[in-house]
Amino acid sequence: MSGPSASDAPSVSLPRRSDIRNIAIIAHVDHGKTTLVDCLLRQSGQFRASQLSGERILDSNDLERERGITILAKNISVDWKGTKINIIDTPGHADFGGEVERVLRMADGALVLVDAAEGPMPQTRFVLSKALEARLRPVVVVNKIDRPDARPLEVLDEILGLFLELGADDDLADFPFVYASSRHGFASHDVTAREGTMAPLLDLVIEKIPGPAVDPTAPLRMLVTTLDWSDYVGRIAVGRLESGKINKGQQIVRSTSKGTLVPAKVVALQLFDKLGKVDAEEATAGDICAVSGMENVEIGDTICDPADPRPLERLSVDEPTLNMVFGVNSSPLAGRSGKFLTTRHLRDRLMKELERNVALRVEPIEGSDNFSVSGRGLLHLSVLIETMRREGYELSVGKPRVILHKEGDKTLEPFESLVVEVPHDKLGPVMELTGSRRGQLRHMGNRGEFAHAEFSIPARGLIGLRTRVLNATQGTAIMHHRFEKWSPMEGEVAGRANGVLISMVPGKAVAFGLDGLQERADLFIEPGDEVYEGMVVGENARGDDMIVNPTKEKKLTNMRASGSDRNILLKPPRRMSLEESLEYIEDDELIEVTPDVIRLRKILLSEHDRKRQGRGKG
């Protein structure tokens, strides 16, 4: 297999700008990308302390701060010794790989961060392969060398092995590297160093990563890789100027996905500066800039010179692997807390999301008011649902389904590479659970007190696996996965072992009614919660569904009997997060998502309707 190499560059060597560097920071989740950016900002000497308060400064979104992950790629810039360094912070989760793929088009080099204890992980392989495909010059940062279990020299060998495995030639495989600790704010070429500054890393970036190649004679060309929004000017196109220059007030044309050229005018032009953007009159080749004035601009469009339009190749990202059905909330309690309730609201919001979320697909389902929404994984779609919930939308969501491909007479399904790190005494339950979901063990090793196991598993088998593994290992397992390949479909994957308790009446749950249920079930509600017919109120201890009455009250009489007034003690209910609910439900169930509460329900609320459907299938 021929891999990426430094010689893949154009045969005619173009001059490069020396006053600017465009770099992307790529890594597996939790390897310290955003913390490293914090450190570079603090040590650049360009900010007041009040501007850089707190941790993970770039994770400004509420969801990002709550989950401790990066969801959206972000641009900032710092000046170092007279050179402007544009830094792009990227997400680490495989589900947001679409963000990484498109922003790499803006960079000339990449800081590849790897944890000094964990080493290269599944997402490290994915982002590095994309960086090499884009012909970026890598600088490896072995981060967190201050960890007690750090093994930086071994990890460096593993990174070299990964480069060679991905087909890098001798030039790329001889990568520059540095040891660092983002939390303690130092980088060094000495593996034993435990103090210092980030100066060695910034110097290495300027020395080893080339400036952008510019063609002074070529016409204006800029590929739109990100969209921003302003209430004053509407859509803002963000991208790197490949050639030529662009001025405020200039007439331009935009090439669309249909191959048409749409004329427009540059209303405003901005360059990235420090944590924000500054207005500019002109931007030249190599600059990352933001252009306003184009009404329906889309990611992948090219901004061209009207006199000589030469569109660039459109962006392409990997296909979605997971699909869900989104519909309006049709439960009896609909409309209690949300502001946006109709199909029109739902359609408009999903279409708006498509403008910025390039890895998402939305299609209306014929004969219904529902939409088929496809994404890169459970986290990708659950973040969208959670964002809509916080914006005031009410909706119902079906069980996640894996997208299958047809190739001739064969049905192919996506397989994922699953990495599990777990204490040795908890390895048994992990092997049993992955085996029951058709996971194949490919490699096993030791990392200190932890066993390190790698599996190849159908994507269907991953749905619901995380919760069960965490329960079986008392929360000690660490799991990561990424898309691996398409393979012929395996047999059936075991579903949920337990049935559910279904409310037979509407009303408010009562302690007396729940007391009779808790001995044989795990409850999802507590006294005072509103319920309706067909709502799932608990998990049955057995494998079949059970119809129950959680509103049942004690019969009042004027007779007193010893023991009849015993104190009722209820266990706390099991409250599931959105992700846990998505992993939990089966084909005949829905999740009712509202700004205030998340409920589980059957698609058919009436017991009579469910029985009739069961007879029809039989």
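We use all heavy atoms of the structure for the numbers below, so side chains are in, but hydrogens, waters and symmetry mates are not. Computed from a predicted structure; not experimentally measured.
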Original post:
With a 4.5 Å heavy-atom cut-off, do V224 and V238 have their side chains touching?
Top reply: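 A side-chain contact under 4.5 Å is absent here.
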Original post:
Is there side-chain contact between R240 and R105, with heavy atoms separated by less than 4.5 Å?
Top reply: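 R240 does not reach R105 side chain to side chain.
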Nearest non-hydrogen partners of [X] and [Y], listed with the distance:
X    : Y    : value
M106 : I88  : CB-CD1, 3.9 Å
D108 : G211 : OD2-C, 4.1 Å
T342 : V328 : C-CG1, 3.5 Å
P309 : L261 : CG-CD1, 3.8 Å
L104 : A131 : CD1-N, 3.8 Å
M222 : L241 : CB-CD1, 3.6 Å

Short side-chain to backbone donor-acceptor contact, [X] and [Y], under 3.5 Å:
X    : Y    : value
T302 : C304 : no
R21  : S18  : yes
S243 : P219 : yes
R137 : I209 : no
Q250 : N247 : yes
N86  : I23  : no

Mind checking what makes salt bridge (Lys or Arg N to Asp or Glu O under 4.0 Å) contact with [X], not counting sequence neighbours?
X    : result
D305 : none
E158 : R151
D308 : R310
R401 : D587

Considering residues at least two apart in sequence or located in another chain, which fulfil the side chain to side chain contact (heavy atoms under 4.5 Å, CB included) criterion with [X]?
X    : answer
A134 : L136
M489 : L404, T411, E413, R460
K265 : Q251
V325 : I365, N370

Subject >> Salt bridge present between K84 and D79 (N-O < 4.0 angstrom) >> reply: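 No, K84 and D79 are not salt-bridged.
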**OP:** Look at D369 together with R347 and state whether they make a salt bridge at an N to O cut-off of under 4.0 Å.
**Re:**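 Salt bridge between D369 and R347, a charged N being under 4.0 Å from a carboxylate O: no.
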Original post:
How would you list all residue pairs meeting ring-ring contact (aromatic ring centres under 6.0 Å, His included) that involve residues 387-407, not counting sequence neighbours?
Top reply: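 Checked against ring-ring contact (aromatic ring centres under 6.0 Å, His included) - neighbours excluded - the pairs reaching residues 387-407 are F340-Y393, H405-W486.
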Identify each donor-acceptor pair in which a side-chain atom of residues 283-294 lies under 3.5 Å from a protein atom, sequence neighbours left out, and give them as a table.
residue : atom : partner : partner atom : Å
T284    : OG1  : R17     : NH1          : 3.1
T284    : OG1  : D287    : OD2          : 3.4
D287    : OD1  : R17     : NH1          : 3.2
D287    : OD2  : T284    : N            : 3.0

**OP:** Just jot down the ring-ring contact (aromatic ring centres under 6.0 Å, His included) partners of F371, sequence neighbours excluded, or say none.
**Re:**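 Residues passing ring-ring contact (aromatic ring centres under 6.0 Å, His included) with F371: none at all.
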**OP:** Would you please name every residue forming a ring-ring contact (aromatic ring centres under 6.0 Å, His included) with F272, sequence neighbours left out?
**Re:**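 Applying ring-ring contact (aromatic ring centres under 6.0 Å, His included) to F272 gives none.
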Subject >> Verdict with supporting geometry, D203 and V205, side-chain contact (heavy atoms from CB on, under 4.5 Å) >> reply: CA-CA 5 Å; D203 289 340; V205 165; over 6 Å; no
Original post:
Going through the checks in order, is the side-chain contact (heavy atoms from CB on, under 4.5 Å) test met by V266 and I246?
Top reply: CA-CA 8 Å; V266 179; I246 189 168; 3.8 Å; yes
Original post:
In Å and rounded to the nearest 0.5 Å, what is the CG to CG distance from N143 to L113?
Top reply: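 One gets 4.5 Å once the value is rounded to the nearest 0.5 Å.
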Original post:
Side chains of T256 and E298: is there a donor and an acceptor less than 3.5 Å apart?
Top reply: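 Side-chain D/A pair, T256 to E298: absent.
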Subject >> Test salt bridge (charged side-chain N to carboxylate O under 4.0 Å, His left out) applied to R389 and E386, step by step >> reply: CA-CA 5 Å; R389 184 177 82 83; E386 181 65 24; 2.9 Å; yes
